[in-house]
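All ligand and atom numbering here is 1-based and tracks the order in the structure.
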Amino acid sequence: MDFWEVIEERRSVRRFEQRDVPEEMVERLLGAAIRAPSAGNCQPWRFFVVRRPEVKEALAEAAWGQYFVAQAPLVIVVCAEPQRSAGRYGRRGVELYCLQDTAAATEHILLAATALGLGACWVGAFDEQAAVRALNLPAGLRPVALIPVGYPAREPGGRTSRRRLQEVAETII
Ligand SMILES: Cc1cc2nc3c(=O)[nH]c(=O)nc-3n(C[C@H](O)[C@H](O)[C@H](O)COP(=O)(O)O)c2cc1C
């Protein structure tokens, strides 16, 4: 799949086959994640690959009952480490850059999953403290995205709509 196909084909996948995702593929997803840009190259991120059913279930509960999270063979939890950005950028690092950096890493994972024939979904609606407890995260890590990953259970549906380019973009001459 070339780059433009990946962009076209990526969509949120919320139903998965039970088939396992090989560890080499997970490594490629994480390898893609750490190639993301980050402010000052601070790389204020940590990734947790969750395969344990009880922990996936706790994450699904944390995500206000989005049970498809627990049905994926694995969930990658993307965490921000704000203090890494604070050291160099102070408040802007904490409030903006570490979140943008981890968002870029999250998108890299989604695109890499598409390129590998996997399905994934960016899940951002969850109770942060419940996710911290589910993972027993150390202080200083802020979970920012849950990414259930697996083989799509069926042909992905049609693409979701987008606002027209003319509505959202303009050229300033
Ligand atoms: C920051 C963010 C949070 C999201 N949170 C959720 C979520 O909690 N649950 C969910 O099912 N999808 C979630 N999504 C996926 C969006 O619903 C999805 O990207 C959007 O509807 C467009 O569809 P597409 O990804 O198939 O193009 C989230 C996406 C983003 C970027």
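- Put simply, V75 and V21 are part of two different groups of oily side chains (I, L, V, M, F, W, Y) that touch within less than 4.5 Å, one to the next.
- A donor and an acceptor atom, one from each side chain of Y151 and Q18, are nowhere located under 3.5 Å apart.
- Scanning the protein heavy atoms around atom 10 (C) of ligand 1, the nearest turns out to be Q66 OE1, 3.6 Å.
- Nearest protein neighbour of atom 14 (N) of ligand 1, counting heavy atoms only, is W122 O, 2.8 Å.
- Closest protein heavy atom to atom 25 (O) of ligand 1: S12 OG, 2.6 Å.
- Contacts between T160 and ligand 1, counted as non-hydrogen atom pairs separated by less than 4.0 Å, involve the side chain only.
- The protein reaches atom 12 (N) of ligand 1 closely, with a heavy atom under 4.0 angstrom from it.
- Under a cut-off of 6.0 angstrom, the local environment of CZ in R51 is crowded, with over 12 non-hydrogen atoms contributed by other residues, nucleotides or ligands.
- Under a cut-off of 6.0 angstrom, the local environment of CD in Q166 is crowded, with over 12 non-hydrogen atoms contributed by other residues, nucleotides or ligands.
- Any N or O atom pair closer than 3.5 Å counts here, and R11 shares no such pair with ligand 1.
- Residue R162 places a heavy atom less than 4.0 Å from ligand 1.
- For the pair F68 and ligand 1, a heavy-atom separation below 4.0 Å is found.
- The protein non-hydrogen atom at the shortest distance from atom 5 (N) of ligand 1 is G124 N, 2.9 Å.
- Of the residues V123, I76, L59, V50, the one that meets the side chain to side chain contact (heavy atoms under 4.5 Å, CB included) test with P148 is V123.
- By the 3.5 Å distance cut-off applied to N or O atoms, C121 is not counted among the residues near ligand 1.
- Atom 20 (C) of ligand 1 is not flagged as protein-proximal [any protein heavy atom, distance under 4.0 Å].
- Here the rule is side chain to side chain contact (heavy atoms under 4.5 Å, CB included) with C121, and of Q66, R14, R15 only R14 fits it.
- For atom 16 (C) of ligand 1, the nearest non-hydrogen atom of the protein is R14 NH2, 3.9 Å.
- Side chain of R11 to main chain of E9: a donor-acceptor pair is present (N/O by atom type, distance under 3.5 Å, no hydrogens or angles).
- Looking at P22 and R28, their side chains never come closer than 4.5 Å, going by heavy atoms from C-beta outward.
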Is there a side-chain contact (heavy atoms from CB on, under 4.5 Å) between W122 and E107 once you walk through the steps?
-> CA-CA 8 Å; W122 182 327; E107 180 65 3; 4.2 Å; yes
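- An N or O contact shorter than 3.5 Å links A125 to ligand 1 by distance.
- Ligand 1 has at least one atom lying under 4.0 Å from a heavy atom of R10.
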